[in-house]
Amino acid sequence: MAERSTAAVDVADNSGEEPLTAQADQSTADGVANNRERDTDSDEAQGTPTNEDSGKSSPPDPHSGHKLARRYRLEECVTRLDGFSSWRAVDEKLRRAVGVHILPADHARARSVLASARSSALLGDPRFVQVLDAVEDEDLVYVVHEWLPDATELTALLASGPLEVYDAYQMVSQVAAAMAAAHREGLAHLRLSPNAVLRTSTGQWRIRGLAVNAALRGIGSDTPQRTDTEAIGALLYATLTQRWPYEDDAHGLVGLPKDIGLISPDQVRAGVHRGLSELAMRALANDGATASRHEAPCTTPEELVKAIGEMPRIRPPEPAYTAPPTYQGTAYQQGAYGRPTPRPGAAQPAPTPPPPLQSRTGKALKWGVSALLIAALGLGSWQLADALMERGGTADDPDQTQTVDGDNDKGPKAPASGKPVSIVGARDFDPFGDQSEKPSEVGNIFDNNPSTYWQTDYYLSSDFGRLKDGVGVIVDLGKVQQVGKVAVTFIGNTSVELRSAGADAAEEPASFDGYQKVAEGSGTSVELKPAKAFKSRYLLVWLTDLPMQANGEWRGRLADVKVTS
């Protein structure tokens with residue numbers, strides 16, 4: 001791997017006069033043709049490459065079916081622009097789809113593309129589409145990256161309207177946190193547009209083209225953090241309003257009206273969340289806008305993450321209640337078993353009830369049943385009266401003594417331990433990440449159904465890809481209660497800690513430091529039993545090491561939590 005670059009690319013910015021986030025006529029080169037991840041450049045749409053830069057060689061002439069390194073078979077060209085081409089390909093060795101960027105080895109930007117790709121690969125953050133290989137092979141340079149067939153780019157999501165408030169909050173939270181991590185490692189994106197942001201089928205947001213997209217086009221910036229922050233603000237603005245926050249149309253979105261400047265999202269569309277509207281303006285404030293409450297503008301992704309953390313957390317919408325279908329008995333239960341199927345349209349006579357038992361045999365049977373019932377009632381009454389008299393006599397007998405198990409203390413007996421403690425609620429807890437980890441599935445941990453579960457996002461290693469110390473679920477017992485042990489059930493061998501907020505916590509602690517570890521263990525069925533019983537209302541089931549699932553992902557799955565006193 002090459003040495004990491006500090007601004008993602010080491011080339012001159014030829015982007016021209018307008019802000020980077022306002023450039024509509026740029027392609028992402030990471031698109032998926034079959035699932036609406038295709039780029040939207042005008043040059044690409046016409047399929048005609050341009051040769052604007054002096055000293056740039058003509059692009060190579062790869063074709064469908066061509067193999068690179070006898071391994072990557074090219075399938076479909078999705079971009080051909082500016083001396084390079086991007087392809088959907090197949091890794092025949094691992095039998096998976098990949099994306100490939102190809103350009104001549106003597107291209108003016110070949111070296112910067114290689115350096116940027118290798119720097120991006122070293123980051124290894126699962127929130128970015130991963131660079132898998134960066135190779136210089138004779139007269140070609142090519143970069144191989146992940147292909148996400150189940151992901152949909154933000155451009156396609158916005159085609160049907162603005163996102164819901166919770167989805168917009170998740171997008172800006174995850175994208176800002178990811179870019180803050182990239183900038184801490186000296187990497188910038190510089191082409192962060194709706195085409196570069198994808199949402200997977202699990203609801204996770206991924207960013208493609210980190211450093212590489214800008215390097216392919218020779219884009220640079222003297223203020224990379226400010227450029228990426230402004231781009232995140234533009235993304236949030238678009239998700240809230242379905243409008244691009246500049247006068248020019250871009251990425252399939254209509255721009256703002258001419259000569260009115262940058263107005264806040266809640267002025268563009270009614271019902272926009274006030275906090276997110278102000279957050280978008282703070283991120284875009286460096287372009288001349290003013291936040292409605294005059295907060296300081298956010299000029300780096302790190303400042304944007306801090307501003308998001310200071311907002312009240314936006315919770316997912318409550319799932320709509322769906323009435324269960326009316327139960328339909330089987331043909332046997334409905335009395336239709338063995339009957340001939342009626343012809344369609346034919347009127348069916350009502351079934352005739354069986355005649356009452358009027359014969360001598362029927363009368364004798366009814367009298368016999370009645371006599372048995374009377375005898376049973378009499379016998380039961382006699383036994384009950386005998387037992388009551390016997391107990392009364394024992395209690396009144398002064399010669400009888402009473403034995404108490406344990407000691408000879410005549411005080412009241414202590415209540416038995418080990419009683420189930422009800423769970424009244426739970427929520428996901430991700431203090432070291434994007435503050436959210438599959439919140440819609442948390443109710444599965446106490447629904448008494450072992451086939452349902454809450455799961456984490458997937459990671460590249462068992463230690464959460466070295467991104468965080470863990471994630472977990474906060475369990476609410478409704479009031480301060482005694483806790484003797486907590487039994488948890490996982491799908492896959494998982495390491496876990498039990499943490500308590502303590503008996504003095506009147507409200508749910510907002511930070512990880514508000515919970516103290518009381519027990520730990522690992523396995524699929526783990527009994528977390530502290531050294532002695534304690535009292536608390538809020539418990540934290542904290543996952544510290546994840547198992548590998550059957551599809552090769554590291555992901556925790558918590559199926560059940562039982563609390564006993």
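This one's a predicted model, so the numbers in the text were calculated from it and none came from an experiment.
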Which distance, rounded to the nearest 0.5 Å, do you find between the CD of E508 and the CZ of R537?
9.0 Å
Is the W542 to Y515 ring centre distance short of 6.0 Å?
no
Could you walk me through whether R557 and T524 pass the side chain to side chain contact (heavy atoms under 4.5 Å, CB included) test, one step at a time?
CA-CA 10 Å; R557 288 176 174 168; T524 55; over 6 Å; no
Grab the two heavy atoms, one from A168 and one from L276, that are nearest each other, plus how far apart they are.
CB-CD1, 4.3 Å
State the OG1-CG distance between T152 and L158, to the nearest 0.5 angstrom.
11.5 Å
Please determine whether side chain to side chain contact (heavy atoms under 4.5 Å, CB included) holds for the pair I423 and L477, giving the CA-CA distance in whole Å, both sets of side-chain angles, and the decisive distance to 0.1 Å.
CA-CA 5 Å; I423 298 175; L477 304 181; 4.2 Å; yes
S511 versus D513, side-chain donor and acceptor atoms under 3.5 Å:
no
Electrostatic pair R127-D434, nearest N-O below 4.0 angstrom
no
Interatomic distance, OG1@T155 vs CG@L198, rounded to 0.5 Å, equals 9.0 Å
Who passes side chain to side chain contact (heavy atoms under 4.5 Å, CB included) against P317, sequence neighbours left out?
Y166
Taking atom CD of Q267 as the centre, does the number of heavy atoms from other residues, nucleotides or ligands within less than 6.0 Å exceed 12?
yes
Rounded at 0.5 Å granularity, tell me how far CG in L154 sits from CG in N195.
9.0 Å
Is there side-chain contact between P162 and L240, with heavy atoms separated by less than 4.5 Å?
no
Carboxylate-amine/guanidinium proximity below 4.0 Å for K529 and E527
no
Could you walk me through whether L543 and F490 pass the side chain to side chain contact (heavy atoms under 4.5 Å, CB included) test, one step at a time?
CA-CA 10 Å; L543 281 61; F490 296 100; 4.0 Å; yes
Which pair of heavy atoms, one from A214 and one from L190, lies closest together, and at what distance?
CB-CB, 3.9 Å
Taking all heavy atoms of A176 and all of P301, pick out the closest pair and write down the distance.
O-CB, 4.0 Å
Approximate separation, where rounding is to 0.5 Å, of L236 CG and R282 CZ
12.5 Å
Which atom pair, heavy atoms only, marks the closest approach of V272 to D266?
CB-CA, 3.9 Å
Would you indicate whether the side-chain heavy atoms of R243 and P257 approach each other to under 4.5 Å?
yes
Walk me through whether D457 and E437 qualify under side chain to side chain contact (heavy atoms under 4.5 Å, CB included).
CA-CA 7 Å; D457 292 329; E437 198 90 0; 3.5 Å; yes
Verify the distance criterion only: is there a donor paired with an acceptor across the side chains of T299 and E303 at less than 3.5 Å?
yes
Which residues share a ring-ring contact (aromatic ring centres under 6.0 Å, His included) with F128, sequence neighbours left out:
none
Taking all heavy atoms of T200 and all of R206, pick out the closest pair and write down the distance.
CG2-CG, 3.7 Å
I need the minimum non-hydrogen distance between W244 and A234, along with the two atoms involved.
CH2-CB, 3.8 Å
Working to the nearest 0.5 angstrom, can you tell me the gap between L284 CG and E230 CD?
6.0 Å
